J.: 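Provided herewith is a single structure, encoded as structure tokens, for subsequent inquiry.
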Number of protein chains: 2
Amino acid sequence: MARRTKAEAEATREALLEAAEEVFFEKGVARTSLEQIARHAGMTRGAVYWHFHNKADLFRAMLDRVRMPFEALVAETGASHPSPLETVRLGFQQSLLRMEQPRHRRVLAILIHRCEFFGDIDPCAVQAEMAGECLDALEGYFGEAQRLGLLKEGIATETATRLMQAIISGIFHDWLRDPDAYSIHERGMALINAQLALISRDETDTSR
Amino acid sequence: MARRTKAEAEATREALLEAAEEVFFEKGVARTSLEQIARHAGMTRGAVYWHFHNKADLFRAMLDRVRMPFEALVAETGASHPSPLETVRLGFQQSLLRMEQPRHRRVLAILIHRCEFFGDIDPCAVQAEMAGECLDALEGYFGEAQRLGLLKEGIATETATRLMQAIISGIFHDWLRDPDAYSIHERGMALINAQLALISRDETDTSR
DNA sequence: ACATTTGCATACATACGTGAATGTAAAAAA
DNA sequence: TTTTTTACATTCACGTATGTATGCAAATGT
């Protein structure tokens, strides 16, 4: 084959990443060879080794296409809201909506269920980073809620934070085991609303 | 080497499983060969293929040593308790205590973070089975709690069940990312108690 | 006591995946 | 236009994992 133009080259790079997502999702990361990815994209391994240094590099590039910090999601919701609890609600709503997009769904499923650490990449660390980021944000919002007197009396900020973090994490993992079974956005928001109602001082506003 | 007696053979089988746990935990399932496992146990691959049909079979045998259904854990707590909420508390207490045992910790870590589906084995299905079992039990206990009027008014049985299930799942996954960081029994029971207090009609008894 | 089976170790055949080296034709630079 | 990169394709050398076949001495059955 002949050489491609710059735009075409970028297109094949995207095609390789797309192919990687699909084959990784179907067969797991360890069981797929670079040859299989290349063939799935209509290329050869030569193309893979040209655009990426090795399998770990390709994997990392795949992850980089879908990373989304929690704060960015909050910012994405637009206007700033008076209640930090409402901010949390909207942030997670954005987050859960994102997860239902096919690309994000696939990559997250790969990260959680279809890869183990290999080379110099540790998916566990990636998960820990995402979780920590989320926890920090939650801590901030719930801390402010506490100062504003929005939380039910007798419940510590830390407890409320950790409970919500665990709920999110649990919903996320349970859903990812079978993403086609139900909508994480629907069921997730129902649970988050319920929990927010449980920990709010005035239960009528957030209970939906 | 010479042939071993029946007891010795059973001992090497256990040794192989022990070695599998250790090497799987250190390097991940996909990246460890049967040769490595055998050498780690002081044997050769011949022993592995004698006791197990292949890697998937060995993996399954390893899992079978630590499986423990939720109902069995509840039964293990001894006397039956009047309140279904208290039963849930005690069941999870047993469960979390088990998880802190080195063997269980290691195998669970392997199942969640150090393997992807391979051959005819799907760790995701194993997880789903465990989660489903737990969910069914919870549904039963919370259903009875609802009938007994133990739950706070305005909260549906299904909501309470799913919230608790998500919390357990979340605690579990978060802890497994770094089991040495803290005690899942301590932190987990704190959260479970807090949540039980939140959903109980009379908040003074379960809030500790 | 002898035959048989068991519990492995060893050897072999096969397949596959990687990474690097090399080839090459067209695009981009000069 | 000529030269130089670029964007891959092809080939090769190497290591490594798997499954099976075979060997063998001691334990076990008779």
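Below, chain A is the first sequence line, B the second, and so on; all start at residue 1. Being a predicted model, the structure only gives us computed values, none of them experimental.
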J.: Do any side-chain nitrogens or oxygens of His51(A) fall under 4.0 Å of OP1 or OP2 in dC8(D)?
T.: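 Indeed, a polar side-chain atom of His51(A) lies that close.
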J.: Within this structure, what is the NZ-to-P distance between Lys6(A) and dT6(D), rounded to whole angstrom?
T.: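 About 9 Å, once rounded to whole Å.
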J.: Please state how far atom CG in Leu16(A) lies from atom P in dA7(D), giving the value in whole angstrom units.
T.: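 Taking atom P of dA7(D) as the reference, CG of Leu16(A) is at 13 Å.
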J.: Let me know the distance between CG of Asp57(A) and P of dG19(C), rounded to the nearest Å.
T.: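 Result: 11 Å.
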J.: Between dC8(D) and Thr12(A), is there an OP1 or OP2 to side-chain N/O distance shorter than 4.0 Å?
T.: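 Yes.
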J.: Measure from CZ on Arg39(A) to P on dA9(D) and round the result to the nearest Å.
T.: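 Taking atom P of dA9(D) as the reference, CZ of Arg39(A) is at 10 Å.
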J.: In terms of ring plane angle, is the pair Phe92(B) and Phe70(B) parallel, tilted or perpendicular, where the classes change at 30° and 60°?
T.: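 Taking Phe70(B) first and then Phe92(B), their aromatic rings sit tilted (interplane angle of 30° to 60°).
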J.: Rounded to the nearest Å, what distance is computed from the CZ atom of residue Arg13(B) to the C1' atom of nucleotide dG7(C)?
T.: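 Answer to the nearest Å: 14 Å.
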J.: Write down the atom of Arg105(A), the atom of Asp180(A), and the distance for their closest heavy-atom approach.
T.: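 It is NH1-OD1, 3.0 Å.
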J.: Give a yes or no on whether the ring-centroid distance for Phe52(B) and Phe59(B) is below 6.0 angstrom.
T.: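 Between Phe52(B) and Phe59(B), the centre distance exceeds or equals 6.0 Å.
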J.: What string of B, S and - do you get for nucleotides 15-20 of chain D, 5' to 3', if B is base contact, S is sugar-phosphate-only contact and - is no contact with any protein heavy atom under 4.0 Å?
T.: --SBBB
J.: Looking at dG7(C), I'd like to know if its phosphate oxygens (OP1 or OP2) sit under 4.0 Å from a side-chain N or O belonging to Trp50(B).
T.: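 Looking at the OP1 and OP2 atoms of dG7(C), one of them is under 4.0 Å from a side-chain N or O of Trp50(B).
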J.: So which heavy atom on Pro84(A) is nearest to which on Tyr141(A), and how close?
T.: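 Distance-wise, the nearest heavy atoms are CB-O, 3.4 Å.
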J.: Between Arg4(A) and dA7(D), is there a contact of a side-chain N or O with OP1 or OP2 at under 4.0 Å?
T.: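 For dA7(D), OP1/OP2 do not have a side-chain N/O of Arg4(A) under 4.0 Å.
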